[in-house]
Amino acid sequence: MAFPLLNLPEAPLRLRRRADGRLVVFCPLRRRWVVLTAEEWVRQHFVHFLTAYRNFPTGLLANEIGIEVGGVSRRCDTVLFAREEARPRLIVEYKAPHIAINEAVFTQIQGYNSVLHADWMVVSNGLRHFCCRMDYDARRVTFFPKIPHYSEL
């Protein structure tokens, strides 16, 4: 399976083929090999972008965080935790490049954020990226034209 070029810097991915023929990628955050799907392709490139180009500390990032939303088990794609406390600061929802970023995707991440209460939300399909900051006191969402540097959060 050929994966498309993304609107992200190239990432130094560690790939290998399993005995069953499936392509896997080493996920540095999960410290294990995972099947390389189109969504995982985006996730690995985006995490590389966050750590190498936006200076997000690897030790504060986690992939596939299990949460319960409305009594249903879900997985939040990537979470940045606060350094001082174990609370989410930023959450990211990934889609495969061929999946459009639409209202349903924002509804999905907002559902996750109703549980996590992160300050920032990011949605990306590797080609288009959307970033917003939550102002809970004013009940306002502000969109940003680019993904901020870690020091700007």
Side-chain angles (χ1 to χ4, degrees), residues 1 3-9 11 13 24-153:
M1 174 182 219
F3 294 102
L5 289 176
L6 302 175
N7 185 17
L8 293 163
L13 302 182
V24 292
V25 61
F26 185 77
C27 176
L29 297 184
R30 289 175 274 185
R31 295 183 182 92
R32 65 182 175 90
W33 294 90
V34 295
V35 173
L36 186 59
T37 63
E39 184 176 307
E40 192 65 37
W41 177 253
V42 172
R43 180 188 344 269
Q44 293 303 320
H45 279 82
F46 203 90
V47 167
H48 171 71
F49 167 72
L50 291 177
T51 58
Y53 293 85
R54 291 295 185 253
N55 207 33
F56 281 46
T58 305
L60 298 179
L61 288 168
N63 280 341
E64 296 286 317
I65 297 299
I67 61 172
E68 191 170 298
V69 179
V72 179
S73 294
R74 301 283 186 206
R75 292 200 174 273
C76 188
D77 287 333
T78 299
V79 177
L80 170 74
F81 290 95
R83 186 176 300 279
E84 333 55 70
E85 53 197 74
R87 76 171 190 83
R89 291 281 322 278
L90 177 141
I91 61 176
V92 187
E93 176 62 26
Y94 305 109
K95 295 298 177 192
H98 67 277
I99 303 293
I101 303 297
N102 58 24
E103 186 178 345
V105 177
F106 284 99
T107 299
Q108 180 182 5
I109 195 170
Q110 182 54 45
Y112 297 162
N113 205 36
S114 70
V115 173
L116 297 174
H117 306 287
D119 302 320
W120 296 82
M121 296 189 307
V122 175
V123 174
S124 176
N125 65 2
L127 303 173
R128 298 186 71 202
H129 323 293
F130 296 91
C131 176
C132 63
R133 182 173 186 158
M134 309 300 295
D135 182 341
Y136 294 103
D137 293 332
R139 297 179 184 232
R140 181 177 46 228
V141 176
T142 304
F143 280 84
F144 286 76
K146 66 181 182 97
I147 309 301
H149 190 276
Y150 177 72
S151 64
E152 299 171 320
L153 298 181

To the nearest 0.5 angstrom, please state how far the [atom1] atom of [X] sits from the [atom2] atom of [Y].
X     : Y      : atom1 : atom2 : result
Glu93 : Asn113 : CD    : CG    : 12.0 Å
Leu29 : Leu61  : CG    : CG    : 5.5 Å
Asn55 : His149 : CG    : NE2   : 4.0 Å
Thr58 : His48  : OG1   : NE2   : 10.5 Å
Leu50 : Leu60  : CG    : CG    : 12.0 Å
Asn63 : Thr78  : CG    : OG1   : 4.0 Å

Problem set entry | Intermediate values then yes/no, side chain to side chain contact (heavy atoms under 4.5 Å, CB included), Met134 and Gln110 | CA-CA 10 Å; Met134 309 300 295; Gln110 182 54 45; 3.8 Å; yes
Can you check whether [X] reaches [Y] side chain to side chain, under 4.5 Å on heavy atoms?
X      : Y     : answer
Gln44  : Pro28 : yes
Glu64  : Arg43 : yes
Phe46  : Val92 : yes
Val115 : Glu68 : no
Trp41  : Leu6  : yes
Leu153 : Phe56 : yes
Val24  : Glu40 : no

Exercise: identify the closest heavy-atom pair between [X] and [Y]:
X      : Y      : value
Cys76  : Leu116 : SG-CD1, 3.9 Å
Val141 : Cys132 : CG1-CB, 3.5 Å
Asp77  : Tyr94  : OD2-N, 2.7 Å
Ala118 : Ile91  : CB-CG2, 4.0 Å
Trp120 : Pro148 : CZ3-CG, 3.8 Å
Val122 : Cys131 : CG2-SG, 4.0 Å

For this session: If the plane angle is over 60° it's perpendicular, under 30° parallel, otherwise tilted; pick one for His129 and Phe49.
Result: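 If you compare the ring of His129 with that of Phe49, the planes turn out parallel.
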Exercise. Once the angle between the rings of Phe130 and Phe106 is folded into 0 to 90°, is it parallel (under 30°), tilted (30 to 60°) or perpendicular (over 60°)?
Worked result: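 The arrangement is perpendicular - the two ring planes meet at more than 60°.
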For this session: Kindly check if the number of other-residue, nucleotide or ligand heavy atoms within 6.0 Å of CD (Glu152) is above 12?
Result: yes
Exercise. For Arg128, does the CZ atom have more than 12 heavy-atom neighbours from other residues, nucleotides or ligands under 6.0 Å away?
Worked result: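 Not buried by this count: 12 neighbours or fewer within 6.0 Å.
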For this session: Indicate yes or no: does Arg75 engage Glu39 in a salt bridge with an N to O separation below 4.0 Å.
Result: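 Salt bridge absent between Arg75 and Glu39.
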For this session: Give a yes or no answer on whether the side chain of Asp135 reaches the backbone of Arg140 with a donor-acceptor pair at less than 3.5 Å.
Result: no
For this session: Step by step, work out the side chain to side chain contact (heavy atoms under 4.5 Å, CB included) result for Arg87 and Asp119.
Result: CA-CA 10 Å; Arg87 76 171 190 83; Asp119 302 320; 3.0 Å; yes
For this session: Evaluate the side chain to side chain contact (heavy atoms under 4.5 Å, CB included) criterion for residues Val42 and Ser124: first the C-alpha distance (whole Å), next the side-chain angles of each, then the deciding distance (0.1 Å), finally the verdict.
Result: CA-CA 8 Å; Val42 172; Ser124 176; 4.2 Å; yes
Exercise. Out of Leu13, Leu36, Thr37, which residue meets the side-chain contact (heavy atoms from CB on, under 4.5 Å) rule with Phe3?
Worked result: Leu36
